[in-house]
Amino acid sequence: MKVTFYGQACLGVQIGETNLLFDPFISGNPLAENIDITQIPADYILLSHGHQDHVLDAEAIAKRTGAKIISTYEVTVWFQGKGLEGHPMNHGGCWNFDFGKVRMVNAVHSSVLPDGTYGGNPAGFVIESKEGTFYFAGDTALTLDMKLIPMLCPKLDFAILPIGDNFTMGYRDATIASDFIECNRIIGCHFDTFGFIKIDHDDARKVFADKGKELILLEIGESKDI
Ligand code: NI
Ligand code: MN
């Protein structure tokens with residue numbers, strides 16, 4: 001799998017010939033000004049919840065690429081109302097797509113769409129594919145529900161966790177999340193974009209390293225093969 005970081009909680013994951021795009025928020029992110037959203041590939045756009053810093057560019061990218069939205073029922077219906085294709089899910093459910101199996105899992109957060117429409121409950125995703133399994137947590141607190149993931153899913157190859165604190169768990173809590181999900185290779189997201197979530201990168205890496213874990217902090221625009 002090839003993982004590309006586009007800032008905040010937006011990542012692309014290429015599995016074979018299929019491009020998944022998570023939580024696109026680029027045009028509103030000053031840190032991502034060098035990313036051209038007209039160049040981002042997407043076959044599916046997975047949205048964890050309705051907040052602006054997760055959905056801002058979903059419509060533009062889906063209209064250009066024809067990508068299908070995968071999200072909660074409420075968020076998906078909202079995008080279907082804009083003429084986009086969507087696949088609605090809800091928590092605890094799985095569906096087999098052409099690229100692999102998606103399980104929608106719990107997140108502890110809130111969810112409202114940019115126009116005030118109720119977004120249902122916020123979610124995370126576990127993706128199982130022929131190339132491996134990973135967890136995209138979305139915006140969430142540390143929660144015991146994460147312990148269900150290793151009970152229900154194949155061993156995770158990596159996990160994408162929020163680490164910026166204030167609106168989500170911070171990086172110290174994320175080390176405990178990494179214990180709960182039994183995965184020691186973590187890609188951090190949801191940090192530095194706004195003043196409330198600026199973090200000390202060296203300290204974050206050290207807190208993980210002290211527990212024998214790896215915290216990967218990608219530069220915006222950087223890709224990594226996993
Ligand atoms: Ni949020
Ligand atoms: Mn957020």
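First listed ligand is number 1; within each ligand, the first listed atom is number 1. One is the number of the first residue; the rest follow in order along the sequence.
Screening D200, D165, D203 against R172 for a salt bridge (charged side-chain N to carboxylate O under 4.0 Å, His left out) leaves a single residue, D203.
Taking 2.8 Å as the threshold, H109 does not count as a candidate ligand of the Mn ion (ligand 2), since none of its N, O or S atoms lies below it. With a cut-off of 2.8 Å, the Ni ion (ligand 1) has no N, O or S atom of D53 in range. Backbone or side-chain N, O or S atoms of H190 reach the Mn ion (ligand 2) at under 2.8 Å. Residue H54: no N/O/S atom is found under 2.8 Å from the Ni ion (ligand 1).
Residue-level check: among N/O/S atoms of D139, OD2 sits closest to the Mn ion (ligand 2). Checked against the Ni ion (ligand 1), the N, O or S atom of D139 at the shortest distance is OD2. The N, O or S atom of H51 with the smallest distance to the Ni ion (ligand 1) is ND1. Taking the Mn ion (ligand 2) as reference, D53 places its N/O/S atom OD2 nearest.
Counted by atom type alone, H51 and D139 present zero donor-acceptor pairs between their side chains at under 3.5 Å. For the residue pair K213/S178, the side-chain donor-acceptor check at 3.5 Å is satisfied. In this model, no donor atom of one side chain and acceptor atom of the other lie less than 3.5 Å apart for Y135 and D157. With 3.5 Å as the limit, one finds a donor-acceptor pair spanning the side chains of D53 and H190.
A donor-acceptor pair under 3.5 Å is absent between the side-chain atoms of E214 and the main chain of I186, judged by distance alone.
Rounding to 10 degrees, one finds that the Ni ion (ligand 1) sits at the corner of an angle of 100° between H49 NE2 and H109 NE2.
The residues K211 and D179 are annotated as salt-bridged, a charged nitrogen and a carboxylate oxygen being separated by less than 4.0 angstrom.
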